[in-house]
Protein chains: 2
Amino acid sequence: MSEKKRYTIQDIARRLNTTASTVSRALQDHPRISEKMRKAVKEVALELDYQPDFRALSLKTGSGRTIGVMVPQVDRHFFSTVLRGIDEVATQADYSVLICQSYESYEKEVSLSRSLLYGKVDGLIVSVASSTLDATHFESFGRKGIPLVFFDRVWEPMKVSKVVIDDYLGAVKSVQHLIDNGCREIAHFAGPQHINVYFNRTRGYIDTLKKNGLGVNEELIFRGVITRETGCETMQSILKLDNRPDAIFSSGDYSALGAMLCAKEAGVRVPEEMAFSGFANEPFDAIFDPPLTSVDQHGIEMGRQAAALLIEQMENKRADFVPRTIVINPDLVIRKSSLKRNGS
Amino acid sequence: MSEKKRYTIQDIARRLNTTASTVSRALQDHPRISEKMRKAVKEVALELDYQPDFRALSLKTGSGRTIGVMVPQVDRHFFSTVLRGIDEVATQADYSVLICQSYESYEKEVSLSRSLLYGKVDGLIVSVASSTLDATHFESFGRKGIPLVFFDRVWEPMKVSKVVIDDYLGAVKSVQHLIDNGCREIAHFAGPQHINVYFNRTRGYIDTLKKNGLGVNEELIFRGVITRETGCETMQSILKLDNRPDAIFSSGDYSALGAMLCAKEAGVRVPEEMAFSGFANEPFDAIFDPPLTSVDQHGIEMGRQAAALLIEQMENKRADFVPRTIVINPDLVIRKSSLKRNGS
DNA sequence: TATTTTTGTGCAATCGATTGTTCAACTTTT
DNA sequence: AAAAGTTGAACAATCGATTGCACAAAAATA
């Protein structure tokens, strides 16, 4: 019954006894096309529901107006807000956004890069997977003239534009807040240290302790604790310690949460006996009991900046483009879980 | 300094004083190419980090081996699990997945469809936006011979393959469970009724009440309650009622949660005085106090089935393909929030 | 040695669009 | 009415890759 066909510019030409070039020009309102022909072409185009073929078009023009985004997982609130920011700016500039997920896997990341390199995207925005220790696979993009922008989890050695938050500052704000609230023995859940963001959070923690004249107790730094499960397990060991810490500064909300729930379960009063502070400001932070203090990373803004940076570079194709790094200030969102001093 | 160029098959040919066709064949291990030439070509290709141009390739071959997925939002747990299922099957079959978000907006959905129609994808998997009342814009895909599969939120009138869960059954299981636990006045938070999934959940609720000889009280059906905010507000009004319901069956977890937290805040004992049951089995359901009973939709499985269905249709390009609908059985995940009878 | 077969490459068309060039048919100018 | 200018549309090349066909040179067969 139905024709099931994608009509091309040639089909239109055939029906009107003319050529593809004339049709192409008519559709573009070229001045040298007669009014009559223009109308006829547009009419047939409409009738056939003609859409130009993206592949042919981008092959000819050299750009498909498509931005690729590669993130570890889209269902993490932070990444999804960044996506929103990117989408916003990209749409405005008439670019499509192609999202893909590495699922934190190095292999997947490499194979995705390869497939994107085929010419599916004209520019790429990336936050690297946690299992990626070496991100040289991204260097091909530079070699092929495909602009690249890193955000959040960046591959420092590469000379490309980056958008990051000041993780160090976020940690400082967080730990200082805990100290100001009377905490003196602050434990820390650290993420994988080869990832810049986690490394910087840990640095901020250590420096802030020192700055306040508090000693750094290596035994209170728990490494690789980022999931709810590990948070919970770590709390179990903490509860067995002779002198329990009076606060936890976690590099992530999931582990902070896991630990907090475990502690409550074990009868620890939060925040009176133990205060908690996380990182990422996940939406569920606000609805826990008690609500979790956390660091907001302004994802939408990061996304906007990353997209703007990328588009700028794509449009100004000069070889002398100088990569920039944009640093965004994080905000500490104070909630009950850390208010040891006063319950306000 | 750096060349900043994408090398083509022609560049390789030029270096070896041969032609593009020979290079193309050499790279494909065509039998009629000499061992020597083959080696030489591959060597240069490697040296130049040659990657075939996706656009040229898919223009010629007619397929870019790309599946498009359009969902309302990627940061909803259900959708992100479906994505995982799709990704799994697609990757295995050597397809790339292109994700895009409608953000529940009809306009965005229409404009995305248009851009995908350009030939960016060879097949499409869709869950429609809540603001979409008329999804005829998807019919172009059929007309152009681009296979389409709906999942979860489907546009019933279209004759295409669909993957859904039995929302009716999910609601039945949920409400029956509440009744079995001694609830007699069960209120219902209903979603937008023009969306099939919400409509069916409400039907399941009504039918189950009737089946158990319980009357349906229209005043206990609250429409359009899907966010945490509206859930909370609705609970406020419920608490003012003369005869409060003893349970809430919500069509969504967010509103169930909002309501549950509000009720607890107001001093209602959960589940003793009021039981709660949601829909979607969001990951946070398990970590609330009390944990929320909910209906699991088997997202990964839905994604797998949808992708398999789509790929089958794409590869078997016969015009006589008959659309299928796959119905997946939901499971009720029982947690403390609904266990009124016994605290087990 | 003459003829057939095999082997290795090049030529040219094609996918669907864009765009510079050519060229006939009208208009306008003188 | 002849020269010059304008208009409308066709021709052909191009983007990067694939692939049927032609055709030498080399190898195998007679």
Side-chain angles (χ1 to χ4, degrees), chain A residues 5-42 44-45 48-66 115 117-122 144-146 317, chain B residues 5-42 44-45 48-66 115 117-122 144-146 317:
Chain A
K5 224 216 129 178
R6 323 184 41 132
Y7 290 100
T8 71
I9 214 166
Q10 326 273 352
D11 295 313
I12 301 180
R14 216 168 298 129
R15 298 214 177 196
L16 294 167
N17 269 314
T18 180
T19 58
S21 48
T22 301
V23 174
S24 170
R25 289 193 167 97
L27 291 171
Q28 294 173 77
D29 288 320
H30 187 105
R32 294 285 273 274
I33 297 293
S34 68
E35 185 67 20
K36 205 207 285 186
M37 180 62 93
R38 185 172 323 180
K39 273 195 69 176
V41 166
K42 292 199 173 173
V44 176
L48 264 44
D49 190 19
Y50 166 78
Q51 306 277 135
D53 187 299
F54 165 78
R55 296 154 318 177
L57 206 147
S58 65
L59 175 60
K60 191 71 186 54
T61 65
S63 164
R65 296 198 80 76
T66 305
S115 99
L117 270 173
Y118 274 58
K120 286 189 177 174
V121 301
D122 306 300
K144 308 237 159 145
I146 299 178
K317 318 210 129 204
Chain B
K5 223 216 130 181
R6 324 184 42 136
Y7 290 100
T8 71
I9 215 167
Q10 327 273 351
D11 295 313
I12 300 180
R14 216 168 297 129
R15 298 214 179 197
L16 293 166
N17 268 315
T18 180
T19 59
S21 45
T22 301
V23 174
S24 170
R25 291 193 169 98
L27 291 171
Q28 295 174 78
D29 288 320
H30 186 106
R32 295 283 274 273
I33 296 294
S34 68
E35 185 68 21
K36 205 207 279 184
M37 181 59 96
R38 185 173 325 181
K39 275 196 66 177
V41 166
K42 292 198 173 173
V44 177
L48 262 43
D49 191 19
Y50 165 79
Q51 307 276 137
D53 186 300
F54 163 79
R55 295 152 320 174
L57 208 147
S58 65
L59 177 60
K60 192 72 188 48
T61 65
S63 163
R65 297 198 82 74
T66 305
S115 100
L117 270 172
Y118 274 58
K120 287 189 175 171
V121 301
D122 306 300
K144 308 237 158 141
I146 300 177
K317 318 209 132 208

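No experiment lies behind these values; they were computed from the predicted model shown. The chains referred to below are lettered A, B, ... by the order of the sequence lines, with proteins before strands, and numbering in each begins at 1.
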In the structure I gave you, are the side-chain heavy atoms of A:Tyr7 and A:Ile12 within less than 4.5 Å of one another anywhere? no
Report for the helix from C:dT1-D:dA30 to C:dT30-D:dA1: angle between first-end and last-end helix axes, five pairs each, rounded to 10 degrees. 60°
Which atoms of nucleotides 5-8 of chain C (N or O only) lie under 3.5 Å from a protein N or O atom, and what are those distances?
unit_1: C:dG8; atom_1: N7; unit_2: B:Arg32; atom_2: NE; d: 3.2
unit_1: C:dG8; atom_1: O6; unit_2: B:Arg32; atom_2: NH2; d: 3.2

What are the two closest non-hydrogen atoms of B:Gly64 and B:Ser58, and how far apart are they? CA-CB, 3.6 Å
Please work out if A:Tyr50 contacts a base, only the sugar-phosphate, or nothing of the nucleic acid, heavy-atom cut-off 4.0 Å. sugar-phosphate
Note, B:Thr66 side chain near B:Lys120 side chain (heavy atom, < 4.5 Å): no
Residue pair B:Asp11 / B:Arg6, side-chain heavy-atom distance below 4.5 Å: no
Per-pair distances, 0.1 Å, donor-acceptor, side chain in residues 16-24 of chain B, under 3.5 Å, sequence neighbours excluded:
unit_1: B:Thr19; atom_1: OG1; unit_2: B:Ser21; atom_2: OG; d: 3.1
unit_1: B:Thr19; atom_1: OG1; unit_2: B:Thr22; atom_2: OG1; d: 3.3
unit_1: B:Ser24; atom_1: OG; unit_2: B:Gln28; atom_2: NE2; d: 3.0

Which protein N or O atoms sit under 3.5 Å from an N or O of nucleotides 27-29 of chain C?
none

Residues touching DNA chain C, which here means a heavy atom under 4.0 Å, drawn from residues 17-27 of chain B: B:Asn17, B:Thr18, B:Thr19, B:Ser21, B:Thr22, B:Arg25
Rounded to whole Å, the NE2-P distance (A:His30 to C:dT21) equals 13 Å
Outermost contacting nts on DNA chain D, any atom under 4.0 Å from chain B heavy atoms, listed 5' then 3', are D:dG16 to D:dC21
Side chains of A:Val44 and A:Tyr50: closer than 4.5 Å at any heavy-atom pair? no
Is it true that a side-chain atom of A:Arg38 and a backbone atom of A:Ile33 form a donor plus acceptor pair closer than 3.5 Å? yes
Roughly, in whole Å, what's the span from CG in A:Asp53 to P in C:dT18? 10 Å
Taking B:Lys144 for its side chain and A:Asp49 for its backbone only, find out whether a donor-acceptor pair lies under 3.5 Å. yes
Checking B:Lys42 against B:Asp29 for the side chain to side chain contact (heavy atoms under 4.5 Å, CB included) test, could you report, in this order, the C-alpha distance in whole Å, the side-chain angles of both residues, the deciding distance, and whether it holds? CA-CA 10 Å; B:Lys42 292 198 173 173; B:Asp29 288 320; 2.8 Å; yes
